[in-house]
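Notes for the one structure printed next.
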Amino acid sequence: MAASPQTPSTNQHTMDILGCRWLSEGTFELELTRPPLFDFVPGQRIRLLHRGLERDYSLVSTPAEATLSLCIRRVEPGQLSPLLAAAEIGSRLQFSGPHGYFTFRPSPRPAVFVATGTGIAPFVSMARCGVRSLVLLHGVRVAGDLYYASVLRTATQRYVPCLSAGPPASASPFSIFHGHVTEYLEEHLEPGVYDFYLCGRTEMIRDVTLLVDRRFPGSYVYTEAFF
Ligand SMILES: Cc1cc2nc3c(=O)[nH]c(=O)nc-3n(C[C@H](O)[C@H](O)[C@H](O)COP(=O)(O)OP(=O)(O)OC[C@H]3O[C@@H](n4cnc5c(N)ncnc54)[C@H](O)[C@@H]3O)c2cc1C
């Protein structure tokens, strides 16, 4: 049975690194052992505790999988993420969790998922569990950062990568919007009442929330800010 999002935050666990796979030039996926009795709901996160540092990471794996996976951007200069990128297979990590309430809430309103960068992580876990949104926007700088595109494309009626920089992507299997996620919503999302799920940069969350107030009144907004 899946854990409720209200699970106490004091749950402490240990896990080992099983593998590290680079998804793009600056972002990697860590595969980790899953402690016995650790359960979570898609969209939830864990808090890594390492060398006195505490950092949150959303799970990209599903509750049905035998291992845990995280999608992590190596922030330069960052304290923990470069250590994780260089960590040896077999290294042991402590964490607490699951934490958070950024979970899918079925409703009569169509769901619009909006992510920037690694903010796509909770949506990957939801998609792998069969959650289907009307629209899913993934804002990144360049096409090389469109990790998980194949999973996401099948989980939404409209998967729209939004590139804010770089040259037009050539030979892409899906249509790409050149601009920010806010511009796409402003120009292409039909008027209506939606459930917006926003995850990633604080600036994006602020800008989309203001836009929703103006253009999509009556909509609900759920948010998870990474930084
Ligand atoms: C609820 C929550 C969930 C999160 N989930 C994820 C996740 O799934 N994947 C992930 O990569 N990060 C995630 N983060 C961010 C993560 O917790 C760390 O902040 C990040 O890994 C940087 O840690 P650091 O110690 O390397 O850098 P630090 O030394 O702590 O910070 C360096 C600077 O990097 C900036 N920064 C932080 N995160 C990012 C980022 N992703 N991209 C660009 N700049 C950043 C911050 O503004 C900070 O000033 C999440 C944060 C929160 C609050």
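When a ligand or atom number is given, it counts from 1 through the structure's own listing order. All heavy atoms count here, side chains included; hydrogens, waters and symmetry mates do not.
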Closest to atom 2 (C) of ligand 1 (heavy atoms only, candidates D56, L84, L70, V75) is D56
Self-check item: Centroid-centroid under 6.0 Å between F123 and F102 rings
Solution: yes
Determine, counting only non-hydrogen atoms of the protein, whether one lies under 4.0 angstrom from atom 34 (O) of ligand 1. yes
Of all protein heavy atoms, the one nearest atom 18 (C) of ligand 1 is R55 CD, 3.7 Å
Requested in this report: For the residue pair D195 and S107, confirm or rule out a side-chain donor-acceptor distance under 3.5 Å.
Outcome: yes
| said: With clusters defined by side-chain heavy atoms of hydrophobic residues (ILVMFWY) lying less than 4.5 Å apart, directly or transitively, does L32 cluster with W22? | reply: yes
Between the NE2 atom in H99 and the CD atom in Q44, the distance rounded to the nearest 0.5 Å is 9.0 Å
Counting from 1 in the order shown, the ligand 1 atoms closer than 4.0 Å to a non-hydrogen atom of P82 are 26 (O)
### Message
Under 4.0 Å from atom 31 (O) of ligand 1, can you find at least one protein heavy atom?
### Response
no
Problem set entry | Within-cut-off N or O pair, S58 and ligand 1, under 3.5 Å | yes
For the side chain of R74 and the backbone of F28, is there at least one donor-acceptor N/O pair under 3.5 Å apart?
-> no
the protein heavy atom lying closest to atom 10 (C) of ligand 1 turns out to be T118 OG1, 3.5 Å
Looking only at protein heavy atoms, what sits closest to atom 53 (C) of ligand 1 is A225 O, 3.4 Å
For atom 50 (C) of ligand 1, is there a protein heavy atom at a distance under 4.0 Å?
yes
Does any N/O atom on E224 come nearer than 3.5 Å to any N/O atom on ligand 1? no
*May I ask whether G119 has any heavy atom positioned less than 4.0 angstrom from an atom of ligand 1?*
no
Exercise. Backbone or side chain, does any N or O of A121 fall under 3.5 Å from an N or O of ligand 1?
Worked result: no
Checklist entry - Are any side-chain N or O atoms of T202 and backbone N or O atoms of A225, one a donor and one an acceptor, separated by less than 3.5 Å? => result no
Testing the 3.5 Å rule here: is there a donor-acceptor pair between the side chains of S96 and Q12?
no
Going by the 4.0 angstrom heavy-atom rule, the piece of Y57 near ligand 1 is both
- request: Please examine the side chains of L23 and C71, heavy atoms only from C-beta on, and report whether any two atoms are closer than 4.5 Å.
  value: yes
Looking only at protein heavy atoms, what sits closest to atom 26 (O) of ligand 1 is S81 OG, 2.6 Å
query: Salt bridge check: are E190 and R158 linked by an N-O gap of less than 4.0 Å?
result: yes
Counting only N and O atoms by type, is there a donor-acceptor contact under 3.5 Å from the side chain of R128 to the main-chain atoms of V60? yes
Would you say S219's side chain and F216's backbone share a donor-acceptor pair under 3.5 angstrom?
yes
Taking both backbone and side-chain atoms of C71, is any N or O found less than 3.5 Å from an N or O belonging to ligand 1? yes
shortest atom 29 (O) of ligand 1-to-protein heavy-atom contact is with Q79 N, 3.0 Å
With heavy atoms and a 4.0 Å threshold, my read on which part of R73 contacts ligand 1 is both
Looking at F226, F102, F227, the heavy atom closest to atom 44 (N) of ligand 1 belongs to F227
- For the residue pair Y159 and H138, is the inter-centroid distance of their aromatic rings smaller than 6.0 Å? no
Checking heavy atoms under 4.0 Å, the part of R74 that sits near ligand 1 is neither
